[in-house]
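To keep things clear, I will list the structure first and then write my remarks on it.
Keep in mind it's a predicted model, so treat the numbers as computed, not measured.
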Amino acid sequence: MSERPVETLNNPDAALEVTLRPSLFADFTGQPKVKERLEITVAAAKQRGEALDHVLLSGPPGLGKTTIANILAKAMGANMKATSGPTIEKASDPSGTPDESRGG
């Protein structure tokens with residue numbers, strides 16, 4: 001049986017999200033203080049030749065947390081695997097998430 005329309009609407013369309021979400025700090029509008037601090041953090045990590053320190057993005061839906069995470073990943077030349085809290089069943093799940101870049 002085919003998917004119900006509600007289930008189809010709730011599934012994110014990856015191709016559409018890529019076209020709608022900014023991929024660079026320069027394209028991101030809003031939250032100028034957060035953006036400026038993250039740009040400085042990325043520049044410092046690149047200058048040191050190290051990975052970016054841990055960054056925790058929290059808040060209600062619609063603030064740009066996932067967009068910022070994608071921008072950070074691109075700025076650092078890394079891939080990002082997005083997940084959400086309700087999909088994590090136990091503490092070890094995020095580290096066990098298959099990573100396509102590693103062939104997992």
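Summarising the geometry, atom CZ belonging to F28 is positioned 11.0 Å from atom CG belonging to N70; distances are rounded to the nearest 0.5 Å. The line from OG1 of T66 to CZ of R21 is 5.0 Å long, rounded to the nearest 0.5 Å. The CD1 atom of I40 sits 12.5 Å away from atom NZ of K35, with the distance rounded to the nearest 0.5 Å. To the nearest 0.5 Å, the span separating CG on L38 from NZ on K33 amounts to 14.0 Å.
With contacts defined as side-chain heavy-atom distances shorter than 4.5 Å, the pair M76/L72 does not qualify.
Contact between A45 and A51 at its shortest, heavy atoms only, is CB-O, 4.1 Å. A73 approaches N79 most closely through the heavy-atom pair CB-C, 4.4 Å. When all heavy atoms of L63 and Q31 are compared, the pair lying nearest together is O-NE2, 2.6 Å. Minimum heavy-atom separation, I71 to S23: CG1-C, 3.8 Å.
Side chain of K65 to main chain of L56: no donor-acceptor pair is present (N/O by atom type, distance under 3.5 Å, no hydrogens or angles).
Within a 6.0 Å radius of CD in E50, other residues, nucleotides and ligands contribute more than 12 heavy atoms.
When hydrophobic clusters are built by joining Ile, Leu, Val, Met, Phe, Trp and Tyr residues whose side-chain heavy atoms come closer than 4.5 Å, directly or via intermediates, M80 is not grouped with V42.
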